[in-house]
Number of protein chains: 2
Amino acid sequence: MLIHVESHKQDKSVGRIRQQNESKIIAAAEIEFARHGYKGASIQNIAERSGLPKANIHYYFRSKQGLYAAVLSNILDLWDEVLSELDPDGDPAQELEAYIRAKMVLSRDYPLASRIFGIEIMSGGAHLKEYFQDGYVDWFKGRTAVFETWIAQGKMQPIDPAHLVFLLWSSTQHYADFSCQIDAALGKPQAMLERAEFDTATETLIHIILQGCGIRQP
Amino acid sequence: MLIHVESHKQDKSVGRIRQQNESKIIAAAEIEFARHGYKGASIQNIAERSGLPKANIHYYFRSKQGLYAAVLSNILDLWDEVLSELDPDGDPAQELEAYIRAKMVLSRDYPLASRIFGIEIMSGGAHLKEYFQDGYVDWFKGRTAVFETWIAQGKMQPIDPAHLVFLLWSSTQHYADFSCQIDAALGKPQAMLERAEFDTATETLIHIILQGCGIRQP
DNA sequence: GTCTATAGCCCGATAGAC
DNA sequence: GTCTATCGGGCTATAGAC
């Protein structure tokens, strides 16, 4: 409403700065929330990391909760955007392989998103209560329905669809969430897994899961 | 040294109380650390939950770090104790199946341990630096060696052993770590997964992984 | 819109009476 | 060994000058 009164010039300029600052804050917040969880993260550190004064964070996002909600919302949007649904009429082998590849790319390119979500769930998911409301059961049924179709058509063995979905999630997210343990186990000097290692992981998962479901023969 | 001067009666009594209180504190700390991570947990809440005054926690454990180290150490001891190594001379199918069952029982019976460790790793594992020192690479090589033996003997397909181990870890721990998401997806009213659901999950994982490695035929 | 200054609270840790 | 009382510091959030 108020914005309508202001000139276009001001709108653009102000909007641009706002968007830039909000992005800076969100980027800094993702690092802090991924490192310390919701309660452990501090607005002070987020402010220092973003290069903005502490009070500006309260100006752009009403509160710590508001900032965290924005970060979580970004993560859910990213996943909805990137992960397309499996096509019941498609070839199971191709569909599953493409899904595993897409999830592994997400783990490689957006590890912070995966970790923030993971820590939130492990901590009890108190901030995702709404997200996990009744609609979630139906959404999940949509995820498993594809496999029931394929099983009914004899395209794969009668694997429990829900637990297959959990396996797809857990095995792929592991490479984002537990990367510091993986690095330690493989003796990588620091931080991120090499691209080649990620590719090996992807191919290994595709092999075991597809063959394990009887979709590909040995 | 000082203890030797005191009477046996005092020793026993004091030792018993100390052990009881330490157990109470550790139990309360596990709940708080699993819910808020290291930085987010507060000694105050741990004290209230344990029914002891705040200062006693500093008396029994020197500091917050000391208490957290004790909790983490308990978790690592539990896993060393329960998870026996795979026998290279044993039957791969039986050995792998037994391992998956053992890890799923741990996820079911000690979900807090799994979550505390998981949150610590996801947060960067700063408090496990020593644990992940050079010895860890060798320990991990010991884990993967069994599979290399089996592959050389033609008992299983040439699966990358390291990524197979990661799959075993991720798929089983998921049921402890992400239980609140699993409950939401399956429409369980609250908290813990039913025993029957856990059994279904275990059998599904055994089926997919063993068949996926070419250890069991379809 | 931006930023300084500060209120009010909870934190980890300790001193010291019992 | 136990527990109260308290210190110093960092926290979220806001008031108000610019």
### Message
Measuring only between side-chain heavy atoms, which start at C-beta, is A/R101 closer than 4.5 Å to A/E203?
### Response
yes
### Query
Does a nitrogen or oxygen in the side chain of B/H58 sit under 4.0 Å from OP1 or OP2 of C/dA13?
yes
### Message
Here's a test for you: under ring-ring contact (aromatic ring centres under 6.0 Å, His included), which of B/W139, B/W79, B/Y136 qualifies with B/Y131?
### Response
B/Y136
### Message
Just the rounded figure in Å: distance from P of C/dT2 to CD of A/E22.
### Response
10 Å
### Message
Rounded to whole Å, how long is the line connecting atom CD1 of B/I25 with atom C1' of D/dC3?
### Response
13 Å
#### Entry: Nucleotide nearest A/A55 (side chain, heavy atoms from C-beta), chosen from C/dT2, D/dA15, D/dT2
D/dA15
### Query
Hey, is the side chain of A/N45 poking within less than 4.0 Å of OP1 or OP2 on D/dG10, counting only N and O atoms?
no
### Atom-to-atom span, CD1 of B/I46 to P of C/dG12 - whole angstrom
8 Å
### Task
Select from A/K39 and A/L52 the residue whose nearest nucleotide in DNA chain C is closer to the 5' end of that strand.
A/L52
### Task
Counting heavy atoms from C-beta on, name the nucleotide in C/dA15, C/dC11, C/dA13 closest to the side chain of B/I43.
C/dA13
### Task
Take atom OH of B/Y68 and atom P of C/dG12, then tell me their distance rounded to the nearest Å.
14 Å
### Message
To the closest 0.5 Å, what do you measure between CZ (A/R115) and CD1 (B/I119)?
### Response
14.0 Å
### Message
How many whole angstroms separate atom OH of B/Y60 from atom P of C/dA13?
### Response
18 Å
### Message
Applying a 4.0 Å non-hydrogen cut-off, can you work out what B/F61 is touching in the nucleic acid: base, sugar-phosphate, or nothing?
### Response
nothing
## Note on the structure
Atom CD of B/Q44 and atom C1' of D/dC3 are separated, to the nearest Å, by 15 Å
### Task
Rounded to the nearest angstrom, tell me the gap between atom CD1 in B/I57 and atom C1' in C/dT14.
15 Å
### Shortest side-chain distance from B/K54, nucleotide among C/dA13, D/dC3, C/dT2
C/dA13
#### Entry: Listed nucleotide nearest any side-chain atom of B/P53, set D/dG1, D/dC3, C/dT2
D/dC3
### Query
What nucleotide, of D/dC11, D/dT2, C/dC11, holds the atom closest to the side chain of B/I17?
D/dT2
### Message
Please determine whether a side-chain nitrogen or oxygen atom of B/N21 lies at a distance below 4.0 Å from atom OP1 or OP2 of D/dG1.
### Response
no
### Message
Without decimals, in angstroms, what is the distance between B/N56 CG and D/dG1 C1'?
### Response
8 Å
### Task
Give me the ring orientation class for B/F140 and B/F166: parallel if the planes are under 30° apart, tilted from 30 to 60°, perpendicular past 60°.
parallel
### Query
Is atom CD of A/Q133 surrounded by more than 12 heavy atoms (other residues, nucleotides or ligands) closer than 6.0 Å?
yes
### Query
Under 4.0 angstrom, heavy atoms only, what part of the nucleic acid is B/A47 near: base, sugar-phosphate, or nothing?
nothing
#### Entry: Below 4.0 Å: OP1/OP2 of C/dT2 and any side-chain N or O of A/Y59
no
